[in-house]
Number of protein chains: 2
Amino acid sequence: MNQTLDILKRSGLSVTEGRREILNLFIQSEGALAHADIESNTKISFDRVTVYRTLQTFVENGIIHQIPTTDNTILYALCKDKCGSGHHHDEHVHFICNDCEKTICLDDVIVPSVKFPEGFHPLQSAMVVKGICSDCIKN
Amino acid sequence: MNQTLDILKRSGLSVTEGRREILNLFIQSEGALAHADIESNTKISFDRVTVYRTLQTFVENGIIHQIPTTDNTILYALCKDKCGSGHHHDEHVHFICNDCEKTICLDDVIVPSVKFPEGFHPLQSAMVVKGICSDCIKN
DNA sequence: AACTATTTGCAACAATATTGCAAATATACT
DNA sequence: AGTATATTTGCAATATTGTTGCAAATAGTT
Ligand SMILES: [Mn+2]
Ligand SMILES: [Mn+2]
Ligand SMILES: [Zn+2]
Ligand SMILES: [Zn+2]
């Protein structure tokens, strides 16, 4: 049984063409994807609404996670850890390359914990770093 | 000379009613502001377009900085350090309260540096933490 | 194969963002 | 203070992005 099917079944989601293709896109893709990337990169064209709903479903089921940006988009990337419904625990650093514009999950770079002032109770942390990625530094 | 005027002049920006009022809003406001907050909280109502352009100008001149989010909004907050044109250096942690929904600049909590894999050259880091803020923890 | 629960596409709508251009305003200069 | 010049603003038109209800289509179940 292939990976795509595997992931969908494990989450108890019914297997549809849209979910299969979108999930595949994430599996094959190196970097994170925005809604717009998905719309333009799927062979079969799905309705925009389906893409929105599929992404939402995947996030809710711990299949993909969101990456915050400062440009009115949300990026999504495959969860590699064993995230479940509502339980995301991929607190890794995300790297945005200024050159190739790719956003990469640095799965092995854990977001460090910091000391907060009295009274602040942190629950989830996100860290996004901009710079030059390892591919682009060569050129 | 008041603070608002001071900031605008120091950046070499011409002083207009829109810029004065929007900058004032930032100075008075506790937390970060989204575009929508600005539209609804300014007494005199400016065109949406003016708000967009004003925010952009302020960011470019190091008057305000952006805070990434995962909900298709960009938050903006006053720069407290001496940022200039294109040179932002407010690498502090941002705290989003799940309760009161405010986003607070923790100016004294510096984003820690992390060790990146070979070839990755970080330039700017952002860290956003969700949780319960010091005001809300009391209730 | 038939039944049921879920998902999809469509349509309509709402919200958000971008651009060109002429009118209004701010600053610089005399 | 008055005029010239540079900058900013509002408007209109357009584009992009996101949401909702509902009927048709499809997937899982028996
Ligand atoms: Mn990631
Ligand atoms: Mn800040
Ligand atoms: Zn790169
Ligand atoms: Zn709070």
Side-chain angles (χ1 to χ4, degrees), chain A residues 1-2 4-25 32-61 63-64 66-76 85 101 103, chain B residues 1-2 4-26 32-61 63-64 66-76 85 101:
Chain A
M1 188 182 280
N2 79 59
T4 308
L5 233 72
D6 211 22
I7 294 174
L8 291 175
K9 293 245 169 121
R10 189 177 51 218
S11 301
L13 295 175
S14 41
V15 178
T16 67
E17 198 168 12
R19 288 177 178 168
R20 272 220 312 271
E21 178 144 357
I22 292 175
L23 183 47
N24 248 315
L25 206 61
L33 300 173
H35 179 100
D37 299 320
I38 293 159
E39 273 196 276
S40 53
N41 287 336
T42 39
K43 294 182 199 89
I44 305 139
S45 87
F46 303 102
D47 194 90
R48 301 174 52 63
V49 181
T50 303
V51 177
Y52 282 114
R53 294 195 269 224
T54 303
L55 289 173
Q56 188 183 313
T57 303
F58 284 180
V59 170
E60 286 168 357
N61 285 274
I63 296 173
I64 59 178
Q66 300 176 306
I67 303 164
T69 68
T70 51
D71 66 349
N72 285 299
T73 64
I74 305 174
L75 292 174
Y76 300 87
S85 302
E101 309 255 74
T103 296
Chain B
M1 187 182 278
N2 78 57
T4 309
L5 233 73
D6 210 26
I7 294 174
L8 291 174
K9 294 245 167 116
R10 189 176 55 217
S11 302
L13 294 175
S14 40
V15 177
T16 67
E17 197 169 12
R19 288 177 178 169
R20 272 221 311 272
E21 177 144 1
I22 292 175
L23 182 47
N24 248 315
L25 206 61
F26 278 106
L33 300 173
H35 178 101
D37 299 320
I38 293 159
E39 273 196 275
S40 52
N41 288 336
T42 40
K43 294 182 198 89
I44 305 138
S45 86
F46 304 102
D47 196 90
R48 294 177 60 64
V49 181
T50 302
V51 177
Y52 283 115
R53 295 197 268 224
T54 303
L55 289 173
Q56 188 182 313
T57 303
F58 284 179
V59 170
E60 285 168 0
N61 286 274
I63 297 173
I64 58 177
Q66 300 176 305
I67 304 165
T69 69
T70 49
D71 66 349
N72 284 301
T73 63
I74 306 174
L75 291 174
Y76 301 87
S85 301
E101 309 255 74

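Letters A, B, ... are given to chains in the order of the sequence lines, protein chains preceding strands, and every chain is numbered from 1. Model, not experiment: these values are computed from the prediction.
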Exercise. Using whole Å, report how far CG of Leu8(A) lies from P of dT6(C).
Key: 16 Å
Self-check item: Separation of atom CZ in Phe46(A) from atom P in dT26(D), rounded to whole Å
Solution: 12 Å
Quiz item: Which listed nucleotide (dA17(C), dT27(C), dT19(D)) is nearest to the side chain of Tyr52(B)?
Solution: dA17(C)
Quiz prompt | Given dG18(D), dG28(D), dC21(C), the nucleotide with the shortest approach to the side chain of Arg53(B) | solution = dC21(C)
Quiz prompt | Separation of atom CD in Gln66(B) from atom C1' in dA17(C), rounded to whole Å | solution = 14 Å
Quiz item: Looking only at side-chain N and O atoms, does Thr50(A) come under 4.0 Å of OP1 or OP2 in dT8(C)?
Solution: no
Self-check item: Reported NE2-to-CG distance for the pair His35(B) and Leu75(B), which is rounded to 0.5 angstrom
Solution: 13.0 Å
Quiz item: Could you state the CZ-C1' distance from Arg19(A) to dT26(D), rounded to the nearest angstrom?
Solution: 11 Å
Quiz item: Between Thr70(B) and Ile74(A), which heavy-atom pair has the shortest distance, and what is it?
Solution: O-CD1, 3.1 Å
Quiz item: Between dA26(C), dT19(C), dT19(D), which one does the side chain of Val49(B) approach most closely?
Solution: dT19(C)
Quiz item: When the nearest nucleotide of DNA chain C is assigned to Glu39(B) and to Glu17(A) on a heavy-atom basis, which residue is associated with the more 5' position?
Solution: Glu17(A)
Quiz item: Can you tell me how far CD1 of Ile63(B) sits from CD1 of Ile22(B), rounded to the nearest 0.5 angstrom?
Solution: 11.5 Å
Quiz prompt | Nearest-angstrom distance from the residue atom CZ of Phe58(B) to C1' of dT8(D) | solution = 12 Å
Practice problem: Check whether any side-chain nitrogen or oxygen of Ser14(A) sits under 4.0 Å from OP1 or OP2 of dT7(C), and answer yes or no. | Solution: yes
Practice problem: Figure out the CD1/C1' separation between Ile38(A) and dG18(D), and round it to whole Å. | Solution: 14 Å
Quiz item: Which nucleotide, dG18(D), dT8(D), dT8(C), lies nearest any side-chain atom of Asn72(B)?
Solution: dG18(D)
Self-check item: Spacing between Asp47(B) atom CG and dT8(D) atom P, to the nearest angstrom
Solution: 16 Å
Quiz item: Looking at the side chain of His35(A), which of dG28(D), dG18(D), dG10(D) is the nearest nucleotide?
Solution: dG18(D)
Practice problem: Give a yes or no on whether the backbone of Ser14(A) and the side-chain of Arg19(A) come within a donor-acceptor separation of less than 3.5 Å. | Solution: yes
Practice problem: Would you kindly give the CG-to-C1' distance between Leu13(B) and dT9(D), to the nearest whole Å? | Solution: 15 Å
Self-check item: Identified side chain to side chain contact (heavy atoms under 4.5 Å, CB included) partner of Thr54(A) from the options Thr57(A), Thr50(A), Val51(A)
Solution: Thr50(A)
Practice problem: Side chain of Thr16(A) only, please: which of dA26(C), dT7(C), dA17(C) is the nearest? | Solution: dT7(C)
